[in-house]
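These notes concern the structure reproduced below.
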Amino acid sequence: SQKIEQNSEALNIQEGKTATLTCNYTNYSPAYLQWYRQDPGRGPVFLLLIRENEKEKRKERLKVTFDTTLKQSLFHITASQPADSATYLCALAPNSGYSTLTFGKGTMLLVSP
Amino acid sequence: DAMVIQNPRYQVTQFGKPVTLSCSQTLNHNVMYWYQQKSSQAPKLLFHYYDKDFNNEADTPDNFQSRRPNTSFCFLDIRSPGLGDAAMYLCATSRGDREQETQYFGPGTRLLVL
């Protein structure tokens with residue numbers, strides 16, 4: 001069956017360090033993968049999209065990698081800040097063209113001062 | 001600012017009493033989605049509309065219905081809420097772009113069933 005796995009344990013890091021979150025998937029051949037941020041009691045907010053033919057994408061302090069051989073995406077936040085504390089969700093689009101997204105459970109990131 | 005609005009933010013209902021959640025958007029997007037999210041779980045897609053075309057997920061209970069009377073509005077009807085339906089309900093929109101489907105979420109409605 002298709003699975004999207006994100007580390008269910010919270011990631012605790014110190015301010016200024018780089019946070020790395022993992023998204024693994026099985027039995028998918030996604031056309032693209034997205035990362036969203038979700039704060040408690042709020043809807044997810046889109047951060048980055050990476051396509052199957054892209055290895056890396058950057059946006060300010062954020063970086064996403066996509067390895068279709070390992071079936072894995074890594075999400076990095078450099079110079080992390082307490083305001084980065086949130087849950088980060090990955091989402092896959094199974095097909096090229098129009099399709100719905102399937103979300104992972106997300107990983108909570110806690111950045112301490 | 002263009003946005004996705006959900007009302008109410010919190011809804012309390014009684015077991016078995018029908019409830020309607022509403023969503024509106026000013027983004028003029030073609031697609032509107034309803035998700036159910038329980039604590040520490042992934043958002044679970046219930047159904048979506050591509051324009052007027054309704055798409056139901058195979059495992060969405062019959063207890064859940066939806067209406068989209070126009071481009072801007074979409075409603076989620078829960079005909080007979082059970083205790084297991086207590087959750088956050090998220091509305092989202094997207095352009096219906098064939099190259100990517102970035103979704104824009106509303107703030108959610110938290111449903112409590114007594």
Side-chain angles (χ1 to χ4, degrees), chain A residues 1-11 21 23-25 28 30-54 57 59 64 66 86-110, chain B residues 1 3-10 21 23 25 27 29-51 53-60 87-112:
Chain A
S1 62
Q2 294 176 324
K3 282 186 182 179
I4 301 172
E5 294 181 348
Q6 295 186 256
N7 195 340
S8 58
E9 292 183 11
L11 177 63
L21 306 176
C23 176
N24 294 301
Y25 58 91
Y28 274 105
Y32 55 84
L33 184 149
Q34 300 184 8
W35 283 89
Y36 288 76
R37 169 183 173 142
Q38 187 172 25
D39 291 287
R42 309 293 296 184
V45 175
F46 170 75
L47 296 174
L48 281 169
L49 177 149
I50 187 164
R51 301 183 194 284
E52 59 180 337
N53 60 350
E54 297 175 320
K57 221 40 170 324
K59 179 183 175 182
V64 172
F66 195 9
T87 296
Y88 292 86
L89 307 168
C90 72
L92 300 183
N95 305 308
S96 59
Y98 167 71
S99 65
T100 58
L101 296 176
T102 302
F103 283 84
K105 290 183 180 182
T107 298
M108 182 182 292
L109 172 66
L110 299 170
Chain B
D1 285 342
M3 56 198 310
V4 181
I5 302 161
Q6 288 188 248
N7 285 306
R9 292 294 315 279
Y10 299 91
L21 309 181
C23 177
Q25 55 132 340
L27 296 160
H29 281 172
N30 291 319
V31 191
M32 294 187 79
Y33 308 82
W34 279 105
Y35 290 88
Q36 179 193 65
Q37 187 178 29
K38 297 187 177 180
S39 181
S40 301
Q41 297 295 312
K44 179 181 181 297
L45 182 64
L46 297 173
F47 24 57
H48 73 280
Y49 279 91
Y50 195 120
D51 290 331
D53 293 334
F54 177 70
N55 298 271
N56 198 30
E57 295 300 298
D59 57 354
T60 298
M88 174 75 89
Y89 289 88
L90 296 164
C91 174
T93 71
S94 68
R95 293 189 301 182
D97 190 326
R98 297 196 175 276
E99 293 302 316
Q100 63 179 54
E101 278 304 291
T102 299
Q103 294 189 9
Y104 297 81
F105 284 83
T109 295
R110 183 164 296 281
L111 178 68
L112 180 62

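Below, read A as the first sequence line, B as the second, and so on, with proteins coming before strands; counting in each chain starts at 1.
- The two residues F103(A) and P43(B) make their nearest non-hydrogen contact at CB-CD, 3.7 Å.
- Between Q34(A) and Q103(B), the side chains place no donor N or O within less than 3.5 Å of an acceptor N or O (distance only, hydrogens not considered).
- Contact detail for L90(B) and G43(A): the closest heavy-atom pair is CD2-CA, 3.7 Å.
- Both the backbone and the side chain of L101(A) come within contact range of chain B, with heavy atoms under 4.5 Å apart.
- Heavy atoms closer than 4.5 Å to chain B are found nowhere in Q6(A), neither backbone nor side chain.
- With sequence neighbours left out, D51(B) forms a salt bridge (Lys or Arg N to Asp or Glu O under 4.0 Å) with no residue at all.
- Minimum interatomic distance between F46(A) and T102(B) (heavy atoms only, all atoms of both residues): CG-CG2, 3.4 Å.
- Contacts between Y35(B) and chain A at a heavy-atom distance below 4.5 Å involve the side chain alone, from C-beta outward.
- A 6.0 Å sphere centred on CE of M88(B) holds more than 12 heavy atoms belonging to other residues, nucleotides or ligands.
- Within 6.0 Å of NZ on K57(A) lie more than 12 heavy atoms contributed by other residues, nucleotides or ligands.
- For chain A, no part of Q6(B) is nearby; none of its heavy atoms comes within less than 4.5 Å.
- For residues 36-46 of chain B, the pairs satisfying salt bridge (charged side-chain N to carboxylate O under 4.0 Å, His left out) are K44(B)-D59(B), with sequence neighbours left out.
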